[in-house]
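Heads up: the structure comes next, in structure tokens.
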Amino acid sequence: QVQLVESGGGLVQAGGSLRLSCAASGRNFRSAAMGWFRQAPGTEREFVAGISWSGVSTNYVDSVKGRFTISRDNAKKTVYLQMNSLEPEDTAVYYCAVGPYYDGRVSTYAYWGQGTQVTVSS
């Protein structure tokens, strides 16, 4: 069993930066892959970034490559999403999730946090 709590969301202006954190508890954090997803009103949840359990391997949706960076600190049981050069299109509720792989499939991930709101103004 894994519990996830996101934090760090807020309101920023376009071009600004924000760092999201996801604190994990439970036995499986160290050996689990992690992912970040986002969902805007009226849309399906979409993959943003994923990271292997070791932190060595990552992948990103094309729209955030070069702007977002996913990382993790297993000693702190925390995964991060550093978001730079934010645009209004990035506005969404951001969720962290844990699963056996770090691909972009929602169905891969077994545990989800409650989400944190990110709003980017023009």
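A distance of 12.5 Å separates OG1 in T78 from CG in L20, rounded to the nearest 0.5 Å. Note: I51 CD1 to Y80 OH = 11.5 Å, rounded to the nearest 0.5 Å. In this structure, OH in Y102 is found 12.0 Å from OG1 in T108, a value given to the nearest 0.5 Å.
Looking at residues two or more places apart in sequence or on another chain, you find no side chain to side chain donor-acceptor pair (under 3.5 Å) involving T58. By the side chain to side chain contact (heavy atoms under 4.5 Å, CB included) test, S17 is found to be paired with Q82, N84, residues two or more places apart in sequence or in another chain being considered.
E6 places a side-chain N or O within 3.5 Å of a backbone atom of Q114 that can act as its donor or acceptor partner. For S52 (side chain) and S57 (main-chain N/O), a donor-acceptor pair under 3.5 Å exists by modelled atom type.
Annotation: salt bridge (Lys or Arg N to Asp or Glu O under 4.0 Å) contacts involving residues 11-20, sequence neighbours excluded, are absent. Applying the salt bridge (Lys or Arg N to Asp or Glu O under 4.0 Å) test to pairs two or more places apart or on separate chains, those with a residue in residues 102-122 are D103-R105. Listed by first then second residue, pairs satisfying disulfide (SG to SG under 2.5 Å) with a partner in residues 45-117 read C22-C96, not counting sequence neighbours. The side chain to side chain donor-acceptor pair (under 3.5 Å) analysis of residues 88-97, with sequence neighbours excluded, yields the pairs R38-D90, R38-Y94, R67-D90.
Of all the heavy atoms in V98 and A32, the pair that sits closest is CG2-CB, 3.0 Å. Residue Y60 comes nearest to I70 through the heavy atom pair OH-N, 2.9 Å, listed as atom of the first residue, atom of the second, then distance. Pairing each heavy atom of Q39 with each of T43, the nearest pair is NE2-O, 2.9 Å.
Taking the side chain as every heavy atom from C-beta outward, M34 and L4 approach each other to under 4.5 Å.
Within 6.0 Å of atom CD in Q13, 12 or fewer heavy atoms from other residues, nucleotides or ligands are found, so the atom counts as exposed in its surroundings.
Tested against Y109, the residues W36, F37, F47 include a single ring-ring contact (aromatic ring centres under 6.0 Å, His included) partner, F37.
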